[in-house]
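Report on the structure given below.
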Amino acid sequence: MQQELYIYNSLSRKKEVFEPINAPHVGLYVCGPTVYGDPHLGHARPAITFDILFRYLTHLGYKVRYVRNITDVGHLENDADEGEDKIAKKARLDQLEPMEVVQYYTNRYHTYMQGLNVLPPSIEPKASGHIIEQQEMIREILKNGYAYESNGSIYFDVVKYNKDHKYGELSGRNIEDMISNTRTLDGQDEKQNSVDFALWKKAAPEHIMRWPSEWSEGFPGWHLECSVMGRKYLGEQFDIHGGGMDLKFPHHECEIAQNNACDGDMNVKYWMHNNMITINGQKMGKSLGNFITLEQFVDGSHELLEQPYSPMTIRFFILQAHYRSTVDFSNEALQAAEKGMQRLFTALNTLEKLKASDKSSFNLSEIKEKCYQAINDDLNCPILISHLFDGVKIINSIKDGKATISDSDLAEMKELYKTFVFDILGLVSENNEAGASGKLTESLIDLLLNIRQQAKQNKDWATSDKVRDELKALGVIIKDTKDGFEWELE
Ligand code: ZN
C-alpha cells in the first residue's frame with residue numbers, strides 16, 4: 001500500500017489522507033436503493049462511484065467489507081414521517097405482496113448492476129430483516145433520553161440532542177434556521193418539535209407492513225436501518241459511509257444523531273457523497289417526463305433517446321465526470337462517450353499486437369505515475385481517463401512506426417492498462433464482436449432485400465419469393481412499403 005489516497009470528507013469539507021481505523025481492514029457502508037421501482041440513472045451513479053472506491057481499495061491490498069443495504073420498509077413518500085410506505089403503495093397499486101415488490105425490484109436492480117459491471121457488495125442486508133436490532137437501538141436511545149413516545153410512536157428529540165451534540169454538522173444546517181423554516185406545530189402533531197424525526201411509527205389500520213413492539217404495532221423510521229446495519233456489520237466505528245448527496249439531509253444527518261445518541265461518538269470517519277445526475281440540464285423527475293430507466297437506455301425506448309446505449313457506455317460516461325460534479329446526460333455526450341470507449345478498446349487490441357524494440361521512445365513510468373496520482377486525488381476518474389488516452393496516442397504511434405517500446409515496457413504497459421481499465425475502472429469490452437456482427441447481420445439482410453427488390457423489378461418472382469420465404473423462416477419480417485421495404489426481427 002505505497003499509494004497515498006486522498007478522499008474528500010463531506011463532514012470536514014476537505015480532502016484527507018485515507019487512514020483506515022484498523023488496517024488492512026476497511027469498513028465501507030453505502031446506502032442502497034429503496035426497491036419499489038425499476039432501476040434508473042439515479043441508481044447507477046452511487047453504485048458506480050462506490051464500486052470504483054471498492055475496487056481501488058481492494059487493488060491497494062485492503063480487505064474491504066462492503067455493506068450496501070436494501071431498503072424494503074419504512075421509507076415513506078417524500079422521504080417524510082407521514083404518508084404511505086413506498087413499497088406498500090406499489091404493492092397496493094400492483095396488487096402484490098409487499099415482499100413480492102421487494103423481490104422483483106431487487107432482482108431487477110441486481111441484473112442492471114451486473115450489466116454495469118458493479119461488483120456485488122460483501123453484505124447486502126435488508127431493513128425488514130433487522131427489525132429486532134432496530135427496536136434495540138430505539139430502546140438505547142430512549143434510555144439515554146434522546147427520544148420520547150407519543151401516541152404509540154417514538155420520535156428522536158433533536159432539540160435535546162442538539163444541546164449535547166451538534167445536530168446538522170454534515171449538511172451544514174443549524175437547528176434554529178431549521179425550526180424557523182418549518183411550519184409551526186398545531187398541537188395535533190405527535191412531535192414536540194418540527195425537527196424531530198420518527199424512530200418508530202404506530203401503524204394505521206390500513207398499513208400492511210407492521211411488527212409488534214412494546215410501544216405499538218408499527219414499523220421503524222427510515223433513517224434507523226442504516227445506523228443499525230452499519231453498526232451490526234462494521235462495528236461502532238467504521239471507515240467510510242457513502243451515498244448520494246440527496247441523502248445528506250435528513251437521512252445521514254439523522255443517522256449520525258442516532259449513533260451519537262447511543263454511544264456518544266462519531267461512528268463514521270469519512271463521509272463521501274456523489275453528486276446528482278441531470279438530463280439535458282434538468283433535474284430528473286417522473287413529473288418532468290425525463291425519468292429514464294436503465295432498461296430504456298439499453299433498448300432505446302424512451303422518447304428522449306436517439307438510440308440505445310449499452311451499460312458500458314453509461315458506465316464510461318459516468319466515469320468521465322468527477323463523482324462530486326453533476327453529470328448531465330444528453331445524446332451528444334453519450335455518443336461521444338461511446339466513441340471514446342471504442343477508441344480505448346481498439347487501442348487495447350492494438351497494444352496486444354505491438355512489436356517491441358530495443359528501447360522505448362517515451363517514459364512509461366511517467367504515465368503510470370500520473371494515473372495513480374489522478375485516482376489518489378479523491379478518485380479523479382476523468383483525469384485518469386485523460387492520462388489513459390495520452391497512452392492511447394503513444395500506442396497508435398508505435399503501431400504507425402513513429403515511436404518505439406522496449407520489451408519490458410510493453411509487458412508493463414499491458415499490465416498498466418489491464419489494472420486501470422479492467423480492474424479499477426471496471427470497464428468491459430462489451431460484445432464489440434456482437435456489436436460488429438449485429439451491424440454485419442443488418443447489412444446482409446439489407447443486401448438480400450435489395451436483391452429481392454431487383455428480382456421483383458425483373459419479374460423474377462421465383463427469386464423474389466425465395467428470398468422472402470427464407471428470410472421469414474429465419475425470423476425476419478418483411479413489410480413492403482411504397483418506397484421499397486422495411487424489415488424487423490421477430
Ligand atoms: Zn441509508
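As the structure lists them, so they are numbered: ligands from 1, and atoms in each ligand from 1.
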Which residue pairs pass the ring pair (Phe, Tyr, Trp, His ring centres under 6.0 Å) test when at least one of the two sits in residues 118-145, sequence neighbours left out? His130-Tyr233
Students often mix this up, so state it plainly: with edges at 30° and 60°, are the rings of Phe18 and Tyr270 parallel, tilted or perpendicular? tilted
Measure up the His251 and His223 rings against each other and bin them: parallel (under 30°), tilted (30 to 60°), perpendicular (over 60°). tilted
Using 4.0 Å as the upper bound for N to carboxylate O, is an ion pair formed by Lys191 and Asp81? yes
Taken in chain and number order and not counting sequence neighbours, the residues that satisfy side chain to side chain contact (heavy atoms under 4.5 Å, CB included) with Thr49 are Arg45, Asn274, Tyr323
Listing protein N, O or S under 2.8 Å around the Zn ion (ligand 1) gives Cys31 SG, Cys226 SG, His251 NE2
Quick one: list whatever passes ring pair (Phe, Tyr, Trp, His ring centres under 6.0 Å) with Phe50, sequence neighbours left out. none
